[in-house]
There are 4 protein chains.
Amino acid sequence: MSQQRRIDADQMRDHFESVLGSYEQVFEKFFLAKLIGLEFEYLPLEAADADKEVSRLTFTVNEMLMNPQGTLHGGIMATVMDISMGHLLRKAIGPGITVEMNTQFLRAAPPGLARAEARFVKKGRSLSFMESRLWGADDKLAALTTATWKML
Amino acid sequence: MSQQRRIDADQMRDHFESVLGSYEQVFEKFFLAKLIGLEFEYLPLEAADADKEVSRLTFTVNEMLMNPQGTLHGGIMATVMDISMGHLLRKAIGPGITVEMNTQFLRAAPPGLARAEARFVKKGRSLSFMESRLWGADDKLAALTTATWKML
Amino acid sequence: MSQQRRIDADQMRDHFESVLGSYEQVFEKFFLAKLIGLEFEYLPLEAADADKEVSRLTFTVNEMLMNPQGTLHGGIMATVMDISMGHLLRKAIGPGITVEMNTQFLRAAPPGLARAEARFVKKGRSLSFMESRLWGADDKLAALTTATWKML
Amino acid sequence: MSQQRRIDADQMRDHFESVLGSYEQVFEKFFLAKLIGLEFEYLPLEAADADKEVSRLTFTVNEMLMNPQGTLHGGIMATVMDISMGHLLRKAIGPGITVEMNTQFLRAAPPGLARAEARFVKKGRSLSFMESRLWGADDKLAALTTATWKML
């Protein structure tokens, strides 16, 4: 068994069964969010400043989410940051879609508990600008995303 | 059962078992690539022009990869395009990591067979610039990514 | 007199006087466009495919537009590509503003005649996606931009 | 004389003569920086945290730097933010070149005194990640840029 194998097949099956038994194709509970194992939290939304509203998503980096090098896949980083922004947007204003997204990959995120935090750069009626940051289990900033969102 | 449910739990379990039985944490076969169901193809690499080398990845958009709106999740688009570039880079030059990535989300990709194609914008010794495009089952361009890669 | 000095003070003064005498704060003729020395050209706009409509801007890279290293400044590359997209947008649909813009700087553009070409990635009612490419006097691709535009 | 005309031809000539008489193709003093009228300032570089090192560039938005709509041209915003990052990089580590740059245009910057501030997102030996923000004379955030830099 390789060093990279963080969870075994039975653990994966258990996780998958729990996803199958609990997912619904709605915010916070859709299959992909459940599969990644995302936990959602929102910080005070009544804050005066747009940039004080924050969504925080936590999840565990394991083999199912890794690249061949044994760290969190950049695509999953992008996915989690995208979800963190989309959920904050919906909570604060209403549902929207990602128009474009730019991600800087600063360093690898090792196995363990990672978190992403999204906030607004500028809220708008038709378009909003947002950013999200992702930290690895080593508490180091692994990725930074800025994105443009269009209200539905 | 909602209209969005494209595959049932048993099909998902079968797919998951097949992933568990076939994945290895190496290029083309790592868990995430198998889970998405990626098929890899490379077009002539001996071409004179850098932009004639292409990787083509195909996969089926189903409920496991969707957003709550019932279309392919933007994060999965980013993931597949990231993988398409990384695999072409490795095939053509050698392994590298994504430094940054910019994605424009042009339109939704409906359920069915989608494909992504990556090519070089400019090959370099230490850095390469690449792009990837993703088409939905309706054969319409759904997303365009440009990215910077650093050789390992 | 350094090797980098491509034009002398009198030539600069002559150019500046010609800018002062001809500029108007309207499309194609605003001060900045005249100062850079942009020439505008549009290729067939009645084309069926969005990506067949092209704006082509040409200008001469001289010391006024250079970085301290003696090549075209990246900010001027961005400026010219931004202008190339904005003018095509206005010609093809109507006036708009840049929402976001991502530029890859592929190689230096030497002194001499450079050109930028913009085209649509996807036209939309409220948002359009565009790209622009800039070639140096050596006929090599120096920069690639993708951008999102919002109609006014 | 239109309302947009913030400075007259004689003021422009005076400014141009002062640029001609003072520029040198070196950092802080190259033609383009002088033409825009950039003033450079650097905040404590001995700070422990990378993100405490800041460059601050101030300049006056006038007709020479405007788009046809009468506000600061997005390309000049990009140019100033690019320069703000490049100068901080050189001051803190050494000279580098922009690999890629992503700018979000949040709102128009009116005529008057504008400023840009750059800082590091992550310093690296071969690559550094930086960001820059630009505020208009109304003290509102007008643009946000993230960029990747390669050491020379």
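What you see is a predicted model, and the numbers here were worked out from it, not measured in a lab. A note on names: the letters A, B, ... follow the listed sequences, proteins ahead of strands, and every chain is numbered from 1.
With sequence neighbours excluded, no residue forms a side-chain hydrogen bond (donor to acceptor under 3.5 Å, both in side chains) with Glu41(C).
The candidate with the highest count of non-hydrogen atom pairs below 4.5 Å against chain C, out of Glu100(D), Met64(D), Gln104(D), is Met64(D). Comparing Met81(C), Glu17(C), Met101(C) by heavy-atom pairs within less than 4.5 Å of chain D, the highest count is held by Met101(C).
Contact of Asp82(D) with chain C is made through the side chain alone, with heavy-atom distances under 4.5 Å. Both the backbone and the side chain of Phe105(D) come within contact range of chain C, with heavy atoms under 4.5 Å apart. At a 4.5 Å heavy-atom cutoff, the contact between Leu35(D) and chain C is made by side-chain atoms alone.
Near-neighbour residues of residues 71-80 of chain D relative to chain C, defined by a heavy atom under 4.5 Å from a heavy atom of that chain, comprise His73(D), Gly74(D), Gly75(D), Ile76(D), Ala78(D), Thr79(D).
At distances below 3.5 Å, at least one donor-acceptor pair connects side-chain atoms of Gln25(C) with backbone N or O atoms of Glu63(D).
Atom CZ of Phe31(C) sits about 12.0 Å away from atom CE of Met66(D), to the nearest 0.5 Å. Here Ile97(D) contributes atom CD1 and Gln69(C) contributes atom CD; the two are 8.5 Å apart, rounded to the nearest 0.5 Å. Taken to the nearest 0.5 Å, the CZ atom of Arg13(D) stands 12.0 Å off from the CZ atom of Arg13(C).
Phe30(D) and Pro68(C) get closest at one heavy-atom pair: CD2-CG, 3.8 Å. The shortest non-hydrogen separation linking Tyr23(D) to Met12(C) is OH-CE, 3.5 Å.
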